[in-house]
Each structure stands twice: as C-alpha cells, then as structure tokens.
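Worksheet: the structure to be examined is printed underneath.
Just follow the structure's listing: the first ligand is 1, and inside any ligand the first atom is 1.
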Amino acid sequence: MESSCKVNTIRCKWANYINYTYIISKAGTRECLIVDPAWEIKKIISYLSLNNLTLRAILLTHSHYDHTNLVGALVNAFDTEVYISGIEAKQYRYKCKNLHYAENLELLPLSFFKVRAFLTPGHTLGSMCYLISNHLFTGDTLFYEGCGICDTSEAASNMYDSLQFLKDTISEDTIIYPGHCYGVYPGEPFGSIVKDNIYFHINDRQKFIDFRLNVAKKNLFDFK
Ligand SMILES: [Fe+2]
C-alpha cells in the first residue's frame, strides 16, 4: 500500500452550501490531485502556491454544481486534466475542457498516484468514489451520518447496491472523505462508519428503499 499520500481538507462555503474539497499530494513529488473543487478558489490556489504544488488532475465524484463549480477556473489556470465517470457525463451532459471518462474499477493513469475509480450509482446515475492509497473520496454517495439523496426507488436501489459493494470492497482502516458532513468532520475510518451509519444496517433492499425515500420526504438532510 502507498502510504505517502497527504490529504488536505478544505471546507468551502458559499451561501448555505458547505462542501469539502480535497487536495492530495505525495512526498517526493510536486504534483497533486484535487477532488470536487468548490466555491472558494482563493483557499485552493493559496494552498497550492504555499506548498509549491502543480495540479495534475481534477477528480469529480459527480456532476452537481456544488462539486464542480471551480473546474473551469482551475482548468483555465493550470490546463489540468479532469476525470468523471463516463456514465455521469453522458447522462447529465457534463462537459468541460480536458475531460476524460473514468470507467468502473479503472486505475487512472495519473503518474505518481494510483487512483482506483469505483462506480457507485444512487445519488446520481454515474456517481464515483476514488480510492488513493488508503483514502476513499465518496462525494455524495457516503457521509459519516448517512448517504446521498436518492430521487427515485430505482436510485435508492442502486444506492443499496453501492453501499453493499463498498462494504464488501473497502477495508475497515480506509479513511473516508465525503463531499459534505453533518456533524462529524471528514477523515473517519470506514470501520467506524459501517458501525454507526444506519444505512449499513438495513440489509433488505425494499426496506432500504422505503427508508431512504421516506426520510427524505420529511427533511432532505435528515438521515434517520
Ligand atoms: Fe450531489
């Protein structure tokens, strides 16, 4: 396992939106990756320049505007590559300069970084999580407190499969970095989330679907 990756967590805010953007760097190189760049470009640029980092690629967990709104500015400034799942880009017509489609289970060709892409539909049809050494970036698929909003029964059924997949695939000591947090700061081990997150404890597909859709009817950001 690669152990030399460093993750810098940036809390980015605009109006009522709070997103978490992550910059991943690696000892011995000047390159870095960024996940879901949002809202506050000054924070991102100053971290890059203070640490003398070159932006190698942008990884997008999905196409929602609150996760992608700084892509254009960063691509213009650094001419960097951008990755998103092919399904997501096609389904929601997401476009930008230097865009590449990532496929499920693909190891992305990012020189110093080994990035494994996992397709985890549910919140959107082409949501992706990215595993970089023992860090998993989950976007709006998985939060410490719950999982992302699902619009339909089909989406909730997909989310059920995606969470089961993560449970079967991700080791307990993997550190989880979600796109938002609702009380617990990013950076908890997957084992704690599996223990505390109610969506890992509903082992019947239909009950999971009903629960996710009913909870969202009361309050979008209530998870229980
Ligand atoms: Fe989203």
Quick one: the NE2 of His62, the Fe ion (ligand 1), ND1 of His64 angle, rounded to 10°, please.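 My answer is 90°, to the nearest 10°.
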
Are Phe190 and Phe200 close enough that their ring centres sit under 6.0 Å apart?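 Yes, close enough.
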
Taking the ring of Tyr20 and the ring of His180, is the distance between their centroids below 6.0 Å?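 So the answer is no for these two rings.
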
Which residue in the set Tyr83, Tyr22, Phe118 passes ring pair (Phe, Tyr, Trp, His ring centres under 6.0 Å) when paired with Phe137?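 Among the candidates, only Tyr22 passes.
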
Could you confirm whether His67 has any N/O/S atom lying under 2.8 Å from the Fe ion (ligand 1)?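 For His67, the answer is no, given that no N, O or S atom comes within less than 2.8 Å of the Fe ion (ligand 1).
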
From Asn197, Asp196, Thr138, residue fulfilling side-chain hydrogen bond (donor to acceptor under 3.5 Å, both in side chains) relative to Tyr144: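 Result for side-chain hydrogen bond (donor to acceptor under 3.5 Å, both in side chains) with Tyr144: Asp196.
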
For the Fe ion (ligand 1), give me the closest N/O/S atom belonging to Asp140, just the atom name.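 Sorting the N, O and S atoms of Asp140 by distance to the Fe ion (ligand 1) puts OD2 first.
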
